[in-house]
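Take a look at the structure below.
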Amino acid sequence: MTNQELTLEVERVIKAEAEELLKLAERFDREAVLQTADALQNCKGKVVLAGCGTSGQAAKKIAHTLCCIEIPAVYMCPADAVHGELGLLQEGDVLILISKGGNTEELLPFIPACKTKKATLIGVTENGNSGIAKNADILLQVKTDREPDPFNMLATASTLAVISLFDALCIALAQRKGFTREQFAIIHPHGAVGNRLLNNLA
């Protein structure tokens with residue numbers, strides 16, 4: 001591959017991922033998104049997220065973004081969860097399981113614990129017939145037509161779609177909650193964002 005071919009491939013992939021996000025903007029399930037928004041805003045406890053592989057990385061990012069708008073959230077490692085850490089999940093919590101295929105073996109043990117503890121289960125998956133989808137209180141299907149790699153295997157566009165949808169949800173929720181610049185300054189006092197916030201408030 002020449003340097004020119006490499007840069008053209010980079011351009012193609014970025015455009016392919018952008019196209020998948022534009023499709024998502026048109027076809028996401030409006031009712032499921034509203035239900036998810038209500039569940040997050042009205043959560044009496046905390047939001048617990050879990051996923052494996054790239055879905056796990058998406059879960060970590062979403063947990064951080066939720067915290068940034070004052071919705072307490074934490075990522076739970078699936079390997080640790082089944083060795084006692086599921087005790088973190090309590091009644092009144094919201095559990096979000098992210099799995100492209102919806103049958104990730106490491107995540108399925110979360111389901112009976114969630115039901116027993118009377119937490120709300122939000123399933124985020126492409127597969128509406130999966131174990132997670134069938135047991136979810138709220139099913140948030142996030143579909144992409146294909147991944148941009150030649151084998152349609154590397155979870156890139158699909159992971160980006162999940163993150164994008166929750167980014168949008170968090171921004172919309174922050175506005176619905178009346179989240180202020182002053183509130184953000186309290187929880188984000190450092191870094192370039194913190195400096196900009198504090199300077200504007202001075």
Side-chain angles (χ1 to χ4, degrees), residues 24 28-144 147 153-173:
L24 176 65
F28 70 87
D29 186 333
R30 267 67 177 167
E31 182 58 33
V33 163
L34 288 172
Q35 291 175 356
T36 300
D38 288 342
L40 294 175
Q41 186 171 355
N42 299 325
C43 179
K44 301 302 182 185
K46 59 192 170 297
V47 181
V48 179
L49 296 100
C52 292
T54 51
S55 291
Q57 300 308 310
K60 292 176 184 178
K61 196 278 180 191
I62 293 164
H64 175 78
T65 306
L66 286 167
C67 287
C68 286
I69 62 165
E70 294 278 15
I71 296 179
V74 62
Y75 172 78
M76 186 187 296
C77 172
D80 293 333
V82 294
H83 291 278
E85 201 165 293
L86 270 169
L88 176 71
L89 186 67
Q90 296 294 317
E91 185 173 350
D93 289 349
V94 172
L95 173 65
I96 301 177
L97 297 181
I98 304 175
S99 168
K100 183 178 179 180
N103 290 307
T104 303
E105 290 184 8
E106 295 88 342
L107 298 182
L108 295 179
F110 281 73
I111 296 172
C114 183
K115 299 296 185 183
T116 299
K117 290 170 173 281
K118 298 179 181 177
T120 299
L121 174 58
I122 300 175
V124 183
T125 179
E126 286 191 353
N127 185 1
N129 294 316
S130 63
I132 289 175
K134 290 180 178 179
N135 286 281
D137 297 301
I138 302 170
L139 171 58
L140 196 56
Q141 281 189 277
V142 183
K143 293 185 177 182
T144 50
E147 308 289 3
M153 295 288 291
L154 194 60
T156 48
S158 58
T159 305
L160 187 60
V162 170
I163 292 172
S164 179
L165 184 58
F166 274 91
D167 280 348
L169 251 172
C170 287
I171 290 170
L173 272 174

Ignoring hydrogens, what is the shortest heavy-atom contact between [X] and [Y]? Give both atom names and the distance.
X	Y	value
L108	G102	CD2-O, 4.4 Å
A59	G51	CB-N, 4.3 Å
G123	A136	N-CB, 3.6 Å
L140	A32	CD1-CB, 3.8 Å
N127	S130	O-OG, 2.7 Å
A155	T54	CB-OG1, 3.3 Å

I would like to know whether T125 and I98 meet side chain to side chain contact (heavy atoms under 4.5 Å, CB included); could you show each step before the answer? CA-CA 6 Å; T125 179; I98 304 175; over 6 Å; no

Run the salt-bridge test on K44 and D93 with the 4.0 Å N-O cut-off and return the result as yes or no. no

Is the shortest distance from a Lys or Arg side-chain nitrogen in D137 or K115 to a carboxylate oxygen in the other one below 4.0 Å? yes

May I ask you to decide if [Y]'s main-chain N or O and [X]'s side chain share a donor-acceptor pair within less than 3.5 Å?
X	Y	value
T104	E106	no
T116	P112	yes
E85	V82	no
S164	V162	no
K46	L88	yes

[X] side chain near [Y] side chain, heavy-atom distance below 4.5 Å:
X	Y	result
L169	V33	yes
T120	L95	no
V94	V48	no
V142	F28	no
L66	F166	no
L97	V124	no

Quiz question: by atom type and distance under 3.5 Å, do the side chains of E126 and T144 form a donor-acceptor pair? yes

Would you tell me whether E147 and S158 have side-chain atoms, one donor and one acceptor, within less than 3.5 Å of each other? yes

Hey, is NZ on K117 packed in by over 12 heavy atoms from elsewhere, all under 6.0 Å? yes

Working to the nearest 0.5 angstrom, can you tell me the gap between [X] [atom1] and [Y] [atom2]?
X	Y	atom1	atom2	result
C52	K100	SG	NZ	15.0 Å
T65	K61	OG1	NZ	3.0 Å
I132	I122	CD1	CD1	13.0 Å
I62	Y75	CD1	OH	11.5 Å
S99	L107	OG	CG	6.0 Å
S55	L49	OG	CG	11.5 Å

Given L121 and I138, is the side chain to side chain contact (heavy atoms under 4.5 Å, CB included) satisfied, shown in steps? CA-CA 7 Å; L121 174 58; I138 302 170; over 6 Å; no

